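The block underneath contains the structure these notes are about, expressed in structure tokens.
Since this is a predicted model, take the numbers as computed values, not measurements. Every chain is numbered from 1, with letters handed out A, B, ... down the list of sequences.
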There are 2 protein chains.
Amino acid sequence: MIANAMKADTRANHDLTRNQALVFGVLEGSEAPLSAYSILDQLREDGLRAPLQVYRALEKLVDFGLVHRLESLNAFVACNHPSGPEAGESHGTVAFAICEKCDNVAEFADPDFVERLRGWAKAEGFEPHSTIIELRGLCEGCCVA
Amino acid sequence: MIANAMKADTRANHDLTRNQALVFGVLEGSEAPLSAYSILDQLREDGLRAPLQVYRALEKLVDFGLVHRLESLNAFVACNHPSGPEAGESHGTVAFAICEKCDNVAEFADPDFVERLRGWAKAEGFEPHSTIIELRGLCEGCCVA
DNA sequence: GACGTAATGTTATACAATAACATTATTGCG
DNA sequence: CGCAATAATGTTATTGTATAACATTACGTC
């Protein structure tokens, strides 16, 4: 209940437009990450017709921190990291563990970890503005099976 | 000279086919990462005509550890990490720092860093078979300018 | 030389993302 | 309120990325 309230609140805070809300709804209701085109397919009956309508909504949702893009899959997931979107780290660096069997995605943020990465970047004189960390493999359930 | 000798040796060890050698040659000669299609464009006069010829060569080269795929760019670079391809870590986890201004790519491997990532994965019961780490930002030169 | 395997060539197609332009809401402000 | 600025939308066309399917050719090995 609290979680749902927070989610609704999160949406409200960002005052999602119709298309954004539709796209976010589809992602929230999906276990697995979805491509822009499969999102579109699920929204045809709601009036969406062109990829661009989905891509535009996704761009905003990613900006808001409500959705993540998985670079290695060309797909998107609703943000769901353990600490919740209300934590200060909403827009911080996050790592993803992507199961290649069941498509489940686990999300985590380790401050020390990120610190180490920043340390290396600084030593190299590199100024990062975004960081992508994606593990591909098998999740606990699929590992055993 | 030594470096060149080693590179030649590396190629020889893997007994590259004609197409693989052509593709690898183009990547070696490029500062910036290249897309499969721009590699193709540079190899038309050598007889290559279809994307698949490039993608097939790239797949092998990535398997051999001679080439890396940058997921966030849909592009490829010749392997060039500091320790050199002859080090034991050829196929280990590598991180990339991609300059968005000059397209330069720095490659590095930090064992402690990787260890920490593996530790988290293990705690989660996740069994990774590949790890993607890509920093996007500005390199030292472009940062100042 | 016959067989299994790997690499190649070719055409067509699927999937992902953006360009360009016209139109409609929304918001803020005088 | 009315108007201007800004943001969101709709639509068509195009560009870019990657693979399917199938025929052919080279290569190693027994």
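Distance, A:Asp63 CG to D:dA8 P: 10 Å, rounded to whole Å. Computed from coordinates, the A:Gln53 CD to C:dT18 C1' distance equals 14 Å when rounded to whole Å. Following rounding to the nearest Å, B:Phe64 (CZ) and C:dA7 (C1') show an atom-to-atom distance of 11 Å. One interatomic measurement links the two molecules: CD of A:Glu59 to C1' of C:dA17, which rounds to 11 Å at whole-angstrom precision. Atom pair A:Leu40:CG and D:dT9:P shows a separation of 14 Å (rounding to whole Å applied). Distance B:Arg49 CZ to C:dA12 C1': 17 Å, rounded to the nearest Å. The nearest whole Å value for the distance from the CG atom in B:Leu22 to the P atom in C:dA7 is 15 Å. When rounded to the nearest whole Å, the span between CG of A:Leu61 and C1' of D:dA8 equals 13 Å.
A donor-acceptor contact shorter than 3.5 Å is absent between the side chain of A:Glu127 and the backbone of B:Cys143.
Applying the ring pair (Phe, Tyr, Trp, His ring centres under 6.0 Å) criterion to B:Tyr55, with sequence neighbours excluded, gives no partner residue. With sequence neighbours excluded, the residues forming a side chain to side chain contact (heavy atoms under 4.5 Å, CB included) with A:Lys101 are A:Cys99, A:Leu138, A:Cys142, A:Ala145, listed by chain and number. With sequence neighbours left out, the salt bridge (Lys or Arg N to Asp or Glu O under 4.0 Å) criterion links B:Arg136 to B:Glu100. Residues forming a salt bridge (Lys or Arg N to Asp or Glu O under 4.0 Å) with B:Arg116 (at least two apart in sequence, or on another chain): A:Asp110, A:Asp112. A search for side chain to side chain donor-acceptor pair (under 3.5 Å) contacts involving B:Gln53 returns nothing, not counting sequence neighbours. Partners of A:Glu71 according to the salt bridge (Lys or Arg N to Asp or Glu O under 4.0 Å) rule, which considers only residues two or more places apart in sequence or in another chain, are A:Arg69.
The C1' atoms of five pairs define one axis at each end of the helix from C:dG1-D:dC30 to C:dG30-D:dC1, and these two axes lie 30° apart (to 10°).
The phosphate of C:dA17 (OP1 or OP2) has a side-chain N or O of A:Asn74 nearer than 4.0 angstrom. Distances shorter than 4.0 Å separate some side-chain N or O of B:Asn19 from OP1 or OP2 on C:dG9. Regarding contacts with the backbone of C:dA16, every side-chain N or O of A:Arg69 stays at 4.0 angstrom or more from both OP1 and OP2. Proximity of B:Thr17 to the phosphate of C:dA7: no side-chain N or O atom is located under 4.0 Å from OP1 or OP2.
When each of A:Gly47 and A:Lys60 is assigned the nucleotide of DNA chain D bearing its nearest heavy atom, the one mapping closer to the 5' terminus is A:Lys60.
A:Glu140 CD: 12 or fewer foreign heavy atoms inside a 6.0 Å radius.
Sequence neighbours left out, the pairs with a member in residues 119-145 of chain A that pass ring pair (Phe, Tyr, Trp, His ring centres under 6.0 Å) are A:Trp120-B:Phe108.
Counting non-hydrogen atoms under 4.0 angstrom, B:Ala36 reaches nothing in the nucleic acid.
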With the sugar-phosphate defined as primed atoms, P, OP1 and OP2, and the base as all remaining atoms, what B/S/- string results for nucleotides 19-30 of chain D, 5' to 3', for protein heavy atoms under 4.0 Å?
BBB---------

